[in-house]
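Structure record follows, encoded as structure tokens.
Every value quoted in this text rests on a predicted model; they were computed, and no experiment measured them.
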Amino acid sequence: MRLGNQLQKLREEKKISKEEVAKQVGVSVQHIHKWENNQSYPDIQHLLKLGDIYETTIDEFIKKDAILQSRINIIQEEKEDDDELLHPGFYIGIGIMFLGTLLSLIIGNLTITMVTNIAGMLIACFYKGILKLLQDIKKDFYEQG
């Protein structure tokens with residue numbers, strides 16, 4: 001069961017309104033609406049307050065929502081990836097810059113050096129961003145289907 005469905009069910013079981021929950025948590029009613037409709041997730045501090053209100057734990061919220069569990073795993077994997085000092089994009093970018101410099105020496109055209117150096121720098125700097133964008137597109141594609 002998705003977290004939003006759990007929150008709505010617990011609120012209805014306690015017979016309290018969205019307005020009351022919003023006031024106790026310290027957020028707007030729109031936040032409660034989005035959380036209960038699985039349009040967004042509450043942050044950890046809000047989950048703690050919701051757990052107190054509904055007399056449950058964050059652990060129970062997470063255990064019942066497989067999608068939330070997978071998102072937590074993705075965040076952990078991204079954090080581990082961020083710990084890498086030099087990622088593959090750095091090496092690809094340096095390789096492209098080296099190749100462009102070598103080609104310009106052979107052919108004698110400085111434009112090739114400029115273009116390949118710029119491309120190489122962009123890849124070296126934005127490699128992770130490009131990968132993340134492609135992963136998000138892939139994820140959205142599979143969620144649509």
Side-chain angles (χ1 to χ4, degrees), residues 1-14 18-19 21-107 109-145:
M1 177 185 288
R2 300 282 309 269
L3 177 63
N5 303 100
Q6 292 178 61
L7 294 173
Q8 183 175 2
K9 181 180 174 194
L10 290 166
R11 181 180 57 76
E12 290 170 352
E13 286 174 1
K14 291 279 186 184
K18 288 181 183 179
E19 290 79 10
V21 175
K23 186 176 179 182
Q24 290 181 36
V25 175
V27 297
S28 68
V29 176
Q30 287 81 6
H31 279 95
I32 303 301
H33 177 78
K34 285 182 179 182
W35 296 341
E36 289 186 0
N37 288 294
N38 296 302
Q39 294 173 346
S40 67
Y41 286 103
D43 61 25
I44 241 12
Q45 294 85 3
H46 294 134
L47 270 178
L48 286 168
K49 289 179 184 176
L50 290 165
D52 290 342
I53 294 167
Y54 299 136
E55 299 172 356
T56 190
T57 63
I58 291 178
D59 189 44
E60 288 301 314
F61 286 138
I62 294 171
K63 281 182 180 178
K64 293 179 181 176
D65 189 339
I67 294 173
L68 180 57
Q69 289 176 23
S70 68
R71 287 187 179 196
I72 290 170
N73 290 335
I74 290 169
I75 290 168
Q76 288 173 338
E77 289 169 7
E78 287 174 357
K79 186 178 183 297
E80 290 169 6
D81 288 345
D82 287 343
D83 292 340
E84 292 180 27
L85 182 61
L86 300 176
H87 50 80
F90 176 79
Y91 296 112
I92 293 169
I94 294 296
I96 289 172
M97 289 188 289
F98 177 75
L99 181 64
T101 303
L102 185 64
L103 282 174
S104 72
L105 289 173
I106 293 169
I107 298 173
N109 187 344
L110 290 177
T111 306
I112 293 173
T113 303
M114 289 178 9
V115 171
T116 55
N117 283 347
I118 290 170
M121 285 188 288
L122 290 173
I123 290 171
C125 293
F126 299 109
Y127 178 77
K128 284 189 177 185
I130 293 167
L131 282 182
K132 172 115 175 70
L133 176 66
L134 293 173
Q135 289 168 348
D136 289 345
I137 290 170
K138 180 181 173 184
K139 185 178 84 176
D140 289 345
F141 177 77
Y142 284 114
E143 286 179 359
Q144 296 289 326

> Applying the side-chain hydrogen bond (donor to acceptor under 3.5 Å, both in side chains) test to Asp136, which of Lys138, Lys139, Lys132 qualifies?
Replying inline: Lys132
>> Test side chain to side chain contact (heavy atoms under 4.5 Å, CB included) on Leu103 and Phe98; report intermediate values, then the result.
In response: CA-CA 9 Å; Leu103 282 174; Phe98 177 75; over 6 Å; no
> Nearest 0.5 Å, what's the CD1-OG1 distance between Ile107 and Thr113?
Replying inline: 9.5 Å
>> Once salt bridge (Lys or Arg N to Asp or Glu O under 4.0 Å) is applied, do any residues pair with Asp43, and if so which ones, sequence neighbours excluded?
In response: none
>> Going by side chain to side chain donor-acceptor pair (under 3.5 Å), name the residues that satisfy it together with Ser28, two or more places apart in sequence or in a different chain.
In response: Gln30, His31
>> How close do Lys14 and Ile53 get, counting heavy atoms only, and between which atoms?
In response: CE-O, 3.7 Å
> Do any N or O atoms from the side chain of Gln6 and from the backbone of Met1 form a donor-acceptor pair under 3.5 angstrom?
Replying inline: yes
> Which distance, rounded to the nearest 0.5 Å, do you find between the CG of Asn37 and the CD1 of Ile32?
Replying inline: 11.5 Å
>> How long is the straight-line distance from CD1 of Ile118 back to CG of Leu122, given to the nearest 0.5 Å?
In response: 7.5 Å
> For Lys34, does the NZ atom have more than 12 heavy-atom neighbours from other residues, nucleotides or ligands under 6.0 Å away?
Replying inline: no
>> Less than 4.5 Å apart, side chain to side chain, heavy atoms only: is that true for Arg2 and Lys64?
In response: no
>> How close do Tyr54 and Val21 get, counting heavy atoms only, and between which atoms?
In response: OH-CG2, 3.4 Å
>> If we check side chain to side chain contact (heavy atoms under 4.5 Å, CB included) with Leu47, which of these qualifies: Leu3, Thr56, Val25?
In response: Leu3
>> Please check this pair: side chain of Asn109 against backbone of Thr111, looking for a donor-acceptor N/O pair closer than 3.5 Å.
In response: yes
>> Can you list everything that forms a salt bridge (Lys or Arg N to Asp or Glu O under 4.0 Å) with Lys49? Sequence neighbours excluded, please.
In response: none
> Going from CD on Gln135 to CD1 on Ile137, what distance comes out if it is rounded to the nearest 0.5 angstrom?
Replying inline: 10.5 Å
> What closest approach, in Å, do Trp35 and Leu7 show between heavy atoms, and which atom pair accounts for it?
Replying inline: CB-CD1, 3.9 Å
> Does any N or O in the side chain of Glu36 come within less than 3.5 Å of the main-chain N or O of Gly4, such that one atom is a donor and the other an acceptor?
Replying inline: no
>> Once rounded to the nearest 0.5 Å, what's the spacing between atom CE of Met97 and atom CG of Leu102?
In response: 14.0 Å
> Atom CD1 of Ile94 and atom CE of Met121: how far apart are they, to the nearest 0.5 Å?
Replying inline: 9.5 Å
>> For a quick test of reading the model, state the closest non-hydrogen atom pair linking Gly100 to Thr116 and the distance between them.
In response: CA-OG1, 3.0 Å
